[in-house]
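Before any comments, here is the structure.
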There are 2 protein chains.
Amino acid sequence: MKAEWKKQFNRFNKRMTPCRQAIIDIFEEKRKHLSAEEVYILLRKKRRKVGMATVYRNLDLLSQMGLLHRLNFGDGKEHYEMARISPAKHHHHLVCTRCGKAVDYSELVGEEHEFLNRLEKKLGDKYDFSIQSHQIYFYGLCKDCR
Amino acid sequence: MKAEWKKQFNRFNKRMTPCRQAIIDIFEEKRKHLSAEEVYILLRKKRRKVGMATVYRNLDLLSQMGLLHRLNFGDGKEHYEMARISPAKHHHHLVCTRCGKAVDYSELVGEEHEFLNRLEKKLGDKYDFSIQSHQIYFYGLCKDCR
DNA sequence: CTAACTGCAAATCGTTTGCGAGCAA
DNA sequence: TTGCTCGCAAACGATTTGCAGTTAG
């Protein structure tokens, strides 16, 4: 798995560094979406000396490499999560428009997958886009905010 | 139609002002997603003296009132568009991850609508959310950026 | 009349950039 | 060696806020 990533880094003319490894580890451990600041705090908890700038640079790089997905819940900051290729792990988000809380869901992803694939193909052809990913957001009010 | 909005404003204890009317007009005329700055520029073109702060405040208010939808294309700024209740006008977005260009599409919205309604109900029940809207984003590279 | 609204300028805050020093290959 | 990476501090840019004057209902 690590060799796999190394290859990916090479392909992008980038290097595998302790800092990057640590960031990847954090996403593997937490298995949820994290903001840049949350990643930064988790790194420091592991007694790792890093600057915010580096965190941002690496989250950006990992996103461009396709290892992370960038999410936006409308709370003014970007969030990131492991990009999982497997449909089984595929999921989307339910966002509370008041408190910003975001819940993952993976209901009906089977049907969704089939439907979105068809749509993706159609759109890609029509608008001359090479589509790489998609996100579905449902917005509403959570129990506590209602 | 204007009476309709007035009611909405009353319900929120807000007032219909020339500035707000002008902003609504702009979205009706342009019929596409606009950033706060774009709205600001269009207002000034109409020789309307407004501050950016007011634009932001009103875009925010109109979003909370459900008159506008807030969109995020990952280019660092928020975009807004008229919320159209009619399924006929319903659409989503195709975003280029390189240049940030966003294209509207409305393919297969009929099928989508049926599917998403079902999903919405299921999710609302399971996670105790009162879902108000949804957005689908497809990400990829446009013709020019490929 | 009075609470909501406004423009202005200053403040905020997430994110980016410039730079010299430090590593990976 | 070479050039990708790093931490730091400063810069940036979109959005927010405080405030005193203005306006809708």
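Residue numbers begin at 1 in each chain, while the letters A, B, ... track the order of the sequences.
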Of Asn13(B) and Tyr40(B), the one whose closest DNA chain C nucleotide lies more 5': Asn13(B)
Identify the pairs formed between an N or O of the protein and an N or O of nucleotides 21-25 of chain C at a distance under 3.5 Å, and give each distance.
| from | atom 1 | to | atom 2 | distance (Å) |
| --- | --- | --- | --- | --- |
| dA24(C) | N3 | Arg15(A) | NH1 | 3.3 |

Using a heavy-atom cut-off of 4.0 Å across all strands, would you classify Asp60(B) as base, sugar-phosphate, or nothing? nothing
Between C1' on dT15(C) and CG on Leu59(A), what's the gap in Å once rounded to a whole number? 11 Å
Euclidean distance, atom CD of residue Gln21(B) to atom P of dT6(C) [Å, nearest integer]: 12 Å
Taking heavy atoms of chain B and a 4.0 Å limit, find me the 5'-most and 3'-most nucleotide of DNA chain D within that range. dA14(D) to dG25(D)
List the residues meeting side-chain contact (heavy atoms from CB on, under 4.5 Å) with Lys46(B), not counting sequence neighbours, and say none if there are none. Asp25(B), Ile26(B), Glu29(B)
Mind checking whether Thr97(B) and Gln64(A) have side chains closer than 4.5 Å, heavy atoms only? no
Note: Lys32(A)-Glu81(A) ion pair, threshold 4.0 Å (strictly below): no
Which of dG18(C), dT16(C), dC5(C) is nearest the side chain of Tyr56(A)? It is dT16(C)
Residue whose closest nucleotide on DNA chain D lies nearer the 5' end, Gly76(B) versus Lys14(B): Gly76(B)
Test salt bridge (Lys or Arg N to Asp or Glu O under 4.0 Å), reference Asp60(B), set Arg20(B), Lys14(B), Arg70(B), output is Arg70(B)
Leu43(B) CG to dT6(C) C1', straight-line distance once rounded to whole Å: 13 Å
Using a heavy-atom cut-off of under 4.0 Å over every strand shown, decide if Glu78(B) touches base, sugar-phosphate, or nothing. sugar-phosphate
Looking at Arg98(A) and Asp144(A), is there a salt bridge between them, counting it only when a charged N and a carboxylate O are closer than 4.0 Å? no
Candidate pair Glu111(A) and Arg118(B), rule salt bridge (charged side-chain N to carboxylate O under 4.0 Å, His left out), full reasoning: CA-CA 11 Å; Glu111(A) 276 182 70; Arg118(B) 202 148 40 91; 2.7 Å; yes
Whole-Å distance separating the CG atom of Asn58(B) from the P atom of dG7(C): 8 Å
Does the Ser63(B) side chain pair with the main chain of Leu59(B), one donor and one acceptor, at a distance under 3.5 Å? yes
Mind checking whether Val95(B) and Leu119(A) sit in one hydrophobic cluster, side chains of I, L, V, M, F, W, Y counted as touching below 4.5 Å? no
Please check if the number of heavy atoms outside Glu37(B) that lie under 6.0 Å from its CD is greater than 12. no
Under 4.0 angstrom, heavy atoms only, what part of the nucleic acid is Arg57(A) near: base, sugar-phosphate, or nothing? base
